[in-house]
Structures are given as structure tokens and as C-alpha cells.
Amino acid sequence: MSDGGTGNPGTSTAAAEAVPAHRYTAELAAEIERRWQAYWERHGTFHAPNPVGSLAGPVPEDKLFVQDMFPYPSGAGLHVGHPLGFIGTDVFARFNRMLGRNVLHTMGFDAFGLPAEQYAVQTGTHPRTTTEANIERYLAQIRRLGLGHDERRRIATTDIPYYRWTQWIFLKIFGSWYDTNARKARPIPELEAEFAEGRRATPDGRPWGELSRVEQRKIIDSYRLVYLDEAPVNWCPGLGTVLANEEVTADGRSERGNFPVFRRNLRQWMMRITAYADRLADDLDRLDWPEKVKTMQRNWIGRSYGARIRFPVGEHGVDVFTTRPDTVFGATYLVLAPEHPLVDEITATTWPSDVDSRWTGGAATPPEAVAAYRLAASQKSELDRQESRDKTGVFTGAFATNPVNGAAIPVFVADYVLMGYGTGAIMAVPGQDQRDWDFAREFGLPIIRTVRPPEGFDGEAYIGEGPAINSGFLDGLGIDEAKKTIIQWLEEHGHGEGSVQYKLRDWLFSRQRYWGEPFPVVYDEDGLPVALPEHMLPVELPDVPDFSPGTYDPDDRDSEPAPPLAKATDWVEVELDLGDGPKRYRRDTNVMPQWAGSCWYQLRYLDPYNDEQFCAPENERYWMGPRPAEHGQDDPGGVDLYVGGVEHAVLHLLYSRFWHKVLYDLGYVSSEEPYRRLYNQGYIQAYAYTDARGTYVPAEEVEERDGRFFWNGQEVNQEYGKMGKSLKNVVTPDEMCDGYGADTFRLYEMAMGPLDVSRPWATKDVVGAHRFLQRLWRNLVDEHTGAPRVSEEQPDAETLRVLHRTIAEVRENFANLRYNTGIARLIELNNHVTKTFGPGNGDGTPRAVAEPMVLMLAPLSPHLAEELWSLLGHEHSLAHGPFPEADERYLVEDTAEYPIQVNGKVRSRVVVPASAGQDEVRAAALAEEKIVALLEGRQPRKVIVVPGRLVNVVV
RNA sequence: GCCCCCGUAGCCCAAUCGGCAGAGGCAGCGGACUCAAAAUCCGUCCAGUGUCAGUUCGAGUCUGACCGGGGGCACCA
């Protein structure tokens with residue numbers, strides 16, 4: 001080509017000349033990636049066959065079910081942090097697929113939720129329109145990444161055929177009760193039979209047959225695993241909805257929106273997750289999950305063992321829960337929560353003549369003191385309570401009798417005791433509880449130690465081990481022994497019993513929202529809920545004139561919830577024939593919380609088109625059933641690998657386990673747990689920069705000089721944290737695909753560190769991954785002609801050793817999700833190939849090295865690998881293997897080099913045959929000339945030979 | 001306040017059972033190519049593992065205390 005002799009160096013012709021026509025550039029990558037993505041789609045490369053149903057096909061016994069926590073399709077699109085886990089699972093899935101396993105990997109959308117609804121409130125756009133557009137945008141972004149999803153299995157929780165089954169599962173839960181003896185859920189008709197046959201007593205003892213139908217139904221309803229309850233809930237006027245405990249922050253505000261949240265009573269759907277507290281806690285031991293997540297779940301369930309003890313107060317009895325029944329001899333007063341129902345009953349009319357002035361709150365009578373205290377307590381927000389841990393309270397004027405020694409002890413009302421936990425009442429043992437100690441000191445109450453602290457203990461309450469003292473028949477016993485003894489004594493004498501308490505509460509399951517699953521329930525003329533028959537499912541969301549719930553002044557605690565669905569009056573008021581002729585019913589106007597759809601989506605991935613069942617049992621058993629031979633006797637089954645952020649450690653993962661266990665109890669699934677193995681990927685974070693006014697400046701325009709940062713000449717301040725539009729530091733996967741190609745982007749994300757570690761994004765580092773792929777390409781393809789440059793010659797012994805060591809390590813690394821080190825090995829191999837066979841070094845790379853190298857690269861950078869595989873003359877995709885196997889012969893070395901230490905410091909080294917025994921190594925080391933010189937004729941005191949490692953000479 | 005995790009080169013990260021601190025990448029530096037630059041290629045410098053003690057023939061790895069960062073819980077009896 002000629003440049004025309006005009007000497008214009010800036011022309012594109014010159015630029016094109018500078019880069020060889022077949023160099024692996026972003027442009028070539030884009031072309032290769034488009035082509036292979038089309039190929040995979042055309043050939044259904046990632047379609048995983050099922051045992052039965054519409055996706056049935058031949059299924060090997062060896063399978064793998066990999067799942068990502070599915071995303072909410074937000075309108076903002078993806079930044080480079082989002083796909084980290086998606087790529088991680090894809091590499092794992094592709095690796096296992098190449099090993100010959102039947103691999104199921106797909107991705108759906110958690111598509112109900114507040115943002116689309118809030119957008120609808122603002123613009124009038126139907127949430128479905130917004131949601132579907134966002135899903136399309138999202139799919140376009142992730143498709144570019146070349147994720148090997150079975151696209152046939154995509155679902156969105158908002159799909160009507162999907163939420164039909166969400167409603168169906170709700171009905172199954174509604175139609176069940178928890179049999180505490182059998183420790184499992186059973187269908188409601190079995191409960192009715194127990195009542196009807198007199199095997200189970202009715203609450204007031206009347207025979208079942210004598211109760212009215214409404215009375216019977218109310219009893220049954222009170223047993224259901226999902227039930228309506230007039231319960232204190234977290235009412236958030238600012239959002240116009242109630243929230244689950246989990247959605248309220250510790251300072252009493254909504255997690256979303258940060259509005260004030262008030263406690264008030266409302267009639268709500270509650271899921272009886274507490275029935276499963278023990279199994280949810282116990283079965284954590286059977287799961288391959290990060291300990292951190294298990295601990296968080298255990299803490300959330302908050303199981304504690306102790307006793308209930310009944311303290312007589314006048315003609316009443318106050319039950320307390322304590323984890324330290326062994327300290328009951330040291331109980332010097334009782335405390336009831338302000339909301340405790342017995343407070344009014346026991347409060348005396350007058351103060352005792354010698355009442356301590358600190359106890360009365362300045363009131364003339366106990367009822368006045370209690371009323372004033374209760375009012376003050378009810379007006380305290382969660383935040384107030386948190387800010388001040390000073391102990392407050394008032395005396396009720398009443399005395400309780402300590403059942404173990406007959407002592408009369410005063411009864412207080414104080415807000416450091418919470419109504420929501422245990423019995424809402426405690427026995428206070430200041431000697432062994434710091435909170436009680438603080439209160440006792442404030443109010444001048446006696447303190448009796450019942451555990452002897454160690455010599456020299458100068459603290460206040462003592463909570464450690466020690467022998468019981470001042471405790472009558474318990475004296476001298478250790479804590480555990482004393483607990484057993486006192487519980488037995490309490491039970492024998494009818495003063496109490498051993499007891500277990502949980503922090504876990506039932507799950508509030510109603511939302512006063514529009515964009516969620518409607519409840520498949522109607523109310524009859526008695527106002528009682530009636531389940532719709534299955535053939536009436538799905539209950540579709542009606543259109544409404546206005547998507548907003550009634551929202552209020554965020555501080556208006558007395559406002560009433562008004563859900564958007566209540567406005568669809570034609571839908572709410574229906575005439576239905578539910579088996580006893582057409583009658584008028586009223587629909588439930590709440591919707592389910594966003595968690596509902598994500599409780600079971602792994603099951604629908606397995607059988608997405610089944611309209612007879614939510615999932616065929618054969619398909620569930622194959623993909624998720626327990627496999628004790630592979631995973632041990634205790635294997636509960638579940639998804640083989642579930643990857644997502646640790647932020648779902650409690651809520652989603654606990655709810656999902658709960659639903660799964662219900663389905664297991666009712667016989668619909670064979671697995672006892674939804675996710676056998678869980679893995680938390682780290683977060684990709686980013687630097688952001690603020691100027692002197694605190695305004696964010698575009699991060700990509702900031703320059704670093706000598707550890708300081710400048711933007712437009714002014715110095716700016718570096719911050720580290722999330723990526724976000726408002727922080728002006730977003731980097732998108734699309735930019736990376738444009739600049740380097742998806743294969744480079746994937747490789748870089750996997751190479752920058754272990755999958756579970758959070759780290760900062762650094763665009764400038766991406767080029768390293770790109771150069772590696774470029775070098776690898778250049779080793780196998782002539783950059784000028786595009787022809788493959790492989791030879792059919794056998795590689796030399798050294799190359800074979802490097803190759804097989806690489807294979808062994810890459811297999812091991814991929815299998816354990818350690819992609820970063822696997823990639824390092826591949827780079828090493830490629831560096832060796834470059835030196836030995838690269839351009840300028842002979843006639844090309846031996847096929848025996850080229851092919852395994854391409855195959856090992858395939859899970860990471862699949863498009864490039866497919867292209868090279870095809871250039872090497874293969875007709876079919878490498879997606880289903882083979883994957884190279886290491887030949888043991890090349891893994892053993894003939895000689896071994898031992899470093900020789902003298903007193904722990906490396907002084908020399910010696911090469912011996914690999915077969916050399918300890919004595920030979922020792923002799924060789926001691927004969928080495930530098931060592932001889934160092935020893936200067938002295939006898940070493942000791943010589944340590946670590947086979948295969950080193951020699952240490954101690955002098 | 002309590003509990004958990006993490007501190008290795010200027011930066012991101014490696015380092016089986018306690019056994020040679022460095023695999024890989026970025027940046028830097030030197031060189032090749034180029035009229036020049038970018039891109040590309042070749043070569044190369046850099047820490048003794050947050051601090052202090054201890055165990056050991058030998059500690060990044062084990063133990064204790066402290067410092068720094070991140071996370072969870074928070075009057076749960």
C-alpha cells in the first residue's frame with residue numbers, strides 16, 4: 001500500500017497499516033463475540049434437558065444446577081460491579097459443562113417492587129410497561145457478556161403464569177398447619193378430623209360438633225401457617241404501607257426511603273415462620289454456606305434455652321422467661337414491660353407507708369405512677385430508647401413471691417423489658433445481669449450474688465462460670481448443673497418448666513401496594529377468609545385508575561392504610577360460586593411482599609412451562625434432590641451453587657428456606673433445603689471525588705499526581721465506596737465491551753482477585769487482560785494473514801511439564817472458584833509458549849499445547865476460545881468439552897532443588913535426584929561448599945530435612 | 001458495648017501440612033519498532049507480610065495484646 005507520498009501521518013490509512021489486519025483488537029473481539037453468540041443461540045448450546053416435560057431430553061446422571069440471585073431490573077442499568085457474580089457462575093457452569101455434566105444455568109427477574117410502582121405514581125405509566133422495558137434493557141446488557149444461560153428457562157416473577165404458582169403455593173401454606181409433635185406441616189383437613197374425632201380438644205373444651213361453623217372456622221384459621229392477625233405492625237405513613245421487622249432499621253425508620261415508622265395494630269397476613277424456628281436453625285449445620293451467613297441466621301432466629309418461672313402476685317401469677325434459672329435465689333425484684341396485660345390487674349391502689357421516693361415517679365398513687373410511666377414509654381421512639389440506656393421505671397405497689405424461698409419482692413414496670421420477647425416480664429437478678437444491676441443501683445434495690453466470682457473480681461454483675469452461692473440446695477453446683485437441678489425442681493413443684501425462646505417473629509406478609517401478587521383469597525359475609533379454588537388461579541392484578549396508596553404526612557401516626565387495589569371496586573366486589581352457589585365476596589386488597597416471588601424461583605427454573613404443576617417432581621428430584629453418595633448422609637439437597645451478595649443473608653434466604661420446608665413437608669419436593677451451597681461474591685467498589693464544595697466531579701477526569709488528586713486543575717478529595725450515578729463514578733460493562741470486548745472484560749473481572757473479596761474497580765488495569773488475550777491469539781494465529789500458526793510437532797519435555805502442571809492447577813482452581821490463580825497459571829503457560837513458539841520462534845505452536853490452552857481459556861473467555869478452536873479445525877463448539885486432563889507422567893520432576901537454611905536463613909541450595917532419601921539429601925546439603933564454609937568445621941547441632949521442601953541446619 | 005472477617009511491593013492480588021515471601025496483572029524505569037507518538041513487543045526495579053510480644057530448628061501462616069479497615073447485632077432477659 002502506498003501513502004500517496006503526501007506525508008499526512010494522521011490518515012486512517014496509515015493507522016490501519018500500523019495495526020496488523022488480524023490482530024485481536026476490540027473490533028475483532030466484537031465481531032467474534034457477535035458471531036458466537038448467534039451460533040450458541042442458533043444451536044441451543046446451553047439448553048439443559050430435563051427428565052420429563054416440555055424440556056425433556058436424554059439426561060446424564062451427572063448434573064449441576066448453578067444459580068445467581070436474580071436481579072431486580074432497575075431502570076438505571078448495570079455497572080461493572082453487577083455482573084461479577086454472573087460471570088463467576090458462568091465460568092463455573094461452562095467449566096462443568098465441558099467436564100460432561102448436564103448443567104442448568106439461567107437467569108430470571110425479581111420484577112415486582114417499589115421503583116416501577118413509584119414511577120407509575122409519578123408518570124401514570126403502568127408498572128408492567130416499565131418493568132418489561134427494563135427487563136429488555138437488562139437482557140441486552142447481559143447478552144453482550146456471553147453468559148451461557150438456558151434462555152428457555154427465563155422467568156420473571158411478574159409473569160402471570162409465574163405468579164399463578166406463587167399464589168398456588170400461598171394457598172398450600174394457607175391450607176396447612178404445623179403439627180408440633182410430628183414437627184412438620186400437615187394439611188388442614190387432617191386437623192379438622194382431629195377436632196371432629198375428639199382427638200384434639202377445642203379451646204373452650206366444647207365438642208367440635210357443638211360449635212357453629214363460624215366458631216369452627218375461627219379455630220381452624222388460628223392454626224393455619226398463614227393467618228390474619230390484629231397485630232402490632234410497623235406502619236409507615238410516608239410509604240403508605242406496613243413493613244416487616246426486617247425492613248425497619250434499628251433507629252425506627254424505613255430501610256427504603258428513611259421515613260418514620262410507627263407501631264400500631266392492623267389486621268395483616270402473617271406467615272408462621274416461627275413454627276420452623278428449630279428446623280431453620282438446626283438444618284444450617286447441613287448446609288455448605290459461609291459461616292458468617294449461618295451465624296447471622298442463627299442470631300436472627302435467636303434461640304435461647306432457659307425456663308419459665310411463675311411468680312405469684314396476689315391472686316395472679318406472672319410468668320417470666322429466663323436463661324439463668326440457676327440464679328433465681330438472687331431475684332430481688334420483678335419487672336413487667338409497660339404494655340404487659342397484667343400491669344393493670346396487679347397495680348396496688350396505694351403506696352406502702354415506707355415506699356422509697358425513687359420508686360414512685362413522684363405520683364400520689366401507683367395507678368397514677370404507672371399511667372404516667374406508660375404514657376411516657378409509649379411516646380418514646382425507638383431512637384429515644386436507643387439514645388438513652390438509663391434505667392427508668394416505677395413501682396406497681398405490688399409484691400411477688402419468689403417461689404424458691406418465699407421472699408416478697410417488689411414488682412416494677414420498666415421499659416428496659418420488651419413486651420415482644422419472652423413473656424414480657426423478667427425476674428431481675430442484679431448479681432448476674434448488668435442491666436438489672438444498673439436498675440437496682442438506680443432504685444436502691446438489694447443485690448445478691450448467686451455465683452461466686454473469681455478471686456479479685458472487681459466488676460459489677462458477674463456473668464461468668466462459678467459455683468452457686470446463697471442458693472439453698474443449689475449451692476456449690478456449676479451453672480449447667482444448677483440449671484438442670486432447678487428446672488427439675490420447678491417442674492416437680494409446679495412453679496415453671498424448661499422453655500425455649502426465639503427472637504424470630506412471624507413474617508408480616510401483607511403490603512398496601514399495587515405492584516405485587518394479589519392474594520388468592522376472598523372474604524365472605526362473616527368477614528372470614530376463604531381460599532379460592534385452584535381453578536380460579538391466577539388472580540390477576542386489575543387495572544386501577546391510580547397506582548398510589550394513600551400516602552400521608554410521614555409523621556402522621558394515626559393515618560389509616562388505603563391500598564391502591566381498594567380503588568378497583570369492580571374487582572374487589574365479586575360474585576363467585578365457591579361450591580355453595582353464587583354469593584357475594586370481597587377480595588383482599590393487599591399484595592404480597594417482594595420476597596414472595598424469590599422464595600421459590602429455583603423450582604420454576606426447573607420446569608418453566610409446566611401448567612399442571614409448579615414443577616414436576618421428577619425434574620425437582622433430578623436437579624435438586626438429595627444425593628447422599630456425593631454430598632454425605634445428611635445432604636438436604638438443593639441448588640448445587642447459589643451465588644449472590646451477602647445482603648440477603650437473613651431475609652431472602654430465611655424466607656426461601658421456610659417455603660421450601662413447607663413444600664417438603666407437604667410432599668411436593670424431595671429436597672429439604674433450597675440452596676445446598678451458598679457463595680457470597682464480593683463487591684466491586686470505586687473511588688469518587690469531591691471538590692472543595694463537596695460536589696462530586698467526574699471520576700474518569702480526575703488525575704493523580706504524587707498521591708494527590710486533581711480535576712480541572714483544582715485539588716479534589718478521594719472517597720471510596722459504591723458506584724452510582726450521583727457519585728459520578730459509574731463504569732458500565734458496555735463501555736468495557738466497546739473498548740476491549742466482553743472476553744477481556746470477563747477475564748479481567750475474574751482475574752482481579754478472589755470472587756468473594758470486595759475490591760476497587762480500576763479501568764486502567766483492564767488492558768493487562770486484553771494484552772494476555774492478544775498474545776495468546778498471536779501465538780496461535782498469524783496477525784497478518786489470519787491463518788492458524790500451529791505445528792503438528794510434538795512439544796519438548798519442558799513444555800509438556802509446564803502444560804500438564806498448568807492443567808492440573810487450572811482444574812483445581814476452577815473447581816474451587818479460584819479463577820484469579822487459575823488465570824495466573826494460564827498466563828504463565830502462555831508466556832512460556834510465547835518464548836518458545838511465539839512469532840519469531842519457529843513455525844508455530846504445537847497443536848498438543850495449543851488445543852489444551854484454548855480449552856482451558858474457554859470458560860473465562862468463551863467467544864475467543866470458540867473462534868480459536870474453530871480455527872484449529874474443529875467443527876463443533878467446545879461448550880461441551882473436552883476439558884484437558886493432566887498426565888501424571890509430566891507432573892513428577894527428575895530432580896529436586898533443596899534450599900539449605902542455616903538457623904532458619906537460606907544460605908545456599910543443592911540439586912539432588914527426586915528419588916533421594918532423607919539421608920542422601922542431608923549428606924548433599926552438608927557437603928555443599930557454602931555450607932561447609934559456614935560451618936567452619938563445627939558439628940551441626942541438628943539437621944532438619946523436610947522431604948521435597950528444604951534442609952535446615954542448626955548450629 | 002458485644003460478636004465476626006480482613007491488613008503482604010505505589011496499586012489489585014499469589015504463597016498446600018508452619019518450610020526459599022512472589023505466581024499473575026497495573027503503574028514506574030530501560031530498550032525495540034516509529035520521523036514522532038499511540039498501540040505492540042522485550043527487559044527490569046520495588047516489600048520482609050499493620051505493631052509489639054510469645055511458641056518453634058523455622059511464623060505471612062499458630063497464640064496473646066494493641067492499631068487500622070469492613071461487616072453483623074444492639075436493653076432479646
Side-chain angles (χ1 to χ4, degrees), chain A residues 7 9-10 15 18-20 23 25 250 290-293 295-296 299-300 302 304 306 320-324 327 335 385-386 388-389 391 414-418 420-429 432-436 438-439 501-503 646-647 649-650 683 704 706-707 720 747-748 751-754 757-769 771-772 774-775 778 783 809 812 818 820-828 830-831 834-835 838-840 897-909 940-955:
Chain A
V19 177
R23 173 162 290 181
T25 59
E291 268 317 306
K292 177 188 164 78
V293 176
T295 303
M296 284 165 72
N299 290 343
W300 191 264
S304 42
V320 305
F321 173 73
T322 176
T323 55
R324 295 294 304 275
T327 64
V335 184
R385 278 196 171 197
Q386 210 191 354
S388 155
R389 296 212 168 181
K391 295 291 178 286
D415 68 358
Y416 82 94
V417 173
L418 311 174
Y421 182 76
T423 61
I426 62 157
M427 65 175 201
V429 187
Q432 274 78 228
D433 186 293
Q434 189 60 42
R435 294 157 302 181
D436 296 343
D438 294 342
F439 189 87
Q501 285 295 326
Y502 306 88
K503 277 198 267 183
V646 72
E647 70 272 18
V650 177
Y683 298 103
E704 182 181 354
D706 307 322
Y720 179 58
L747 185 76
Y748 172 66
M752 63 197 289
V757 169
S758 295
R759 55 223 124 130
W761 178 258
T763 297
K764 68 178 174 59
D765 290 3
V766 178
V767 70
R771 283 183 197 144
F772 162 58
Q774 220 165 47
R775 277 198 293 269
R778 194 183 297 122
E783 283 194 328
E809 297 206 25
E812 171 86 13
R818 290 194 303 259
N820 54 325
T821 49
I823 291 166
R825 295 290 90 81
L826 285 173
I827 294 174
E828 272 181 294
N830 189 55
N831 287 348
T834 306
K835 273 198 192 107
E897 188 187 63
Y898 281 80
I900 309 168
Q901 296 182 336
V902 176
N903 290 339
K905 292 233 160 61
V906 177
R907 298 299 187 185
S908 185
R909 43 195 73 228
R941 243 198 316 154
K942 202 172 171 189
V943 179
I944 294 147
V945 179
V946 186
R949 289 289 185 180
L950 53 51
V951 181
N952 191 10
V953 180
V954 187
V955 295

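Reminder, nothing fancy here: chain letters follow the sequence lines and each chain counts from 1. In this text the structure is predicted, and so the values were computed from the model without any measurement.
Regarding A:Lys503, its NZ atom lies at a distance of 6 Å from the P atom of B:rA74, rounded to whole Å. For A:Asn830 and B:rC41, the CG to P distance is 10 Å, given to the nearest whole Å.
For the pair A:Lys391 and A:Phe439, the cation does not sit on the ring face, since its NZ or CZ is not both under 6.0 Å from the ring centre and inside 45° of the axis.
Listed candidates were B:rA39, B:rC20, B:rC57. Nearest to the side chain of A:Arg909 is B:rC20. Side-chain proximity of A:Arg23 to the nucleotides B:rU40, B:rC57, B:rA23 is greatest for B:rU40. With B:rC75, B:rC42, B:rC12 as the candidates, the nucleotide lying closest to the side chain of A:Thr834 is B:rC42. When the nucleotides B:rC57, B:rC12, B:rA23 are ranked by their closest atom to the side chain of A:Arg825, B:rA23 comes out on top.
Below 30°, between 30° and 60°, or above 60°: for A:Trp761 and A:Tyr748 the angle between ring planes is above 60°, a perpendicular geometry.
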Contacts under 3.5 Å, N or O only, protein and nucleotides 25-29 of chain B:
unit_1	atom_1	unit_2	atom_2	d
B:rC26	OP1	A:Arg771	NH1	2.5
B:rC26	O2'	A:Lys764	NZ	3.1
B:rC26	O2'	A:Asp765	OD1	2.5

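Checking the phosphate oxygens (OP1, OP2) of B:rC12, no side-chain nitrogen or oxygen of A:Asn820 falls inside 4.0 Å.
With its glycosidic angle more than 90° from 0, B:rG31 adopts the anti conformation. In this entry the base of B:rC17 is syn relative to its sugar, with a glycosidic angle within 90° of 0.
Going from the C1' atom of B:rU16 to that of B:rU61 covers 11 Å, rounded to whole Å.
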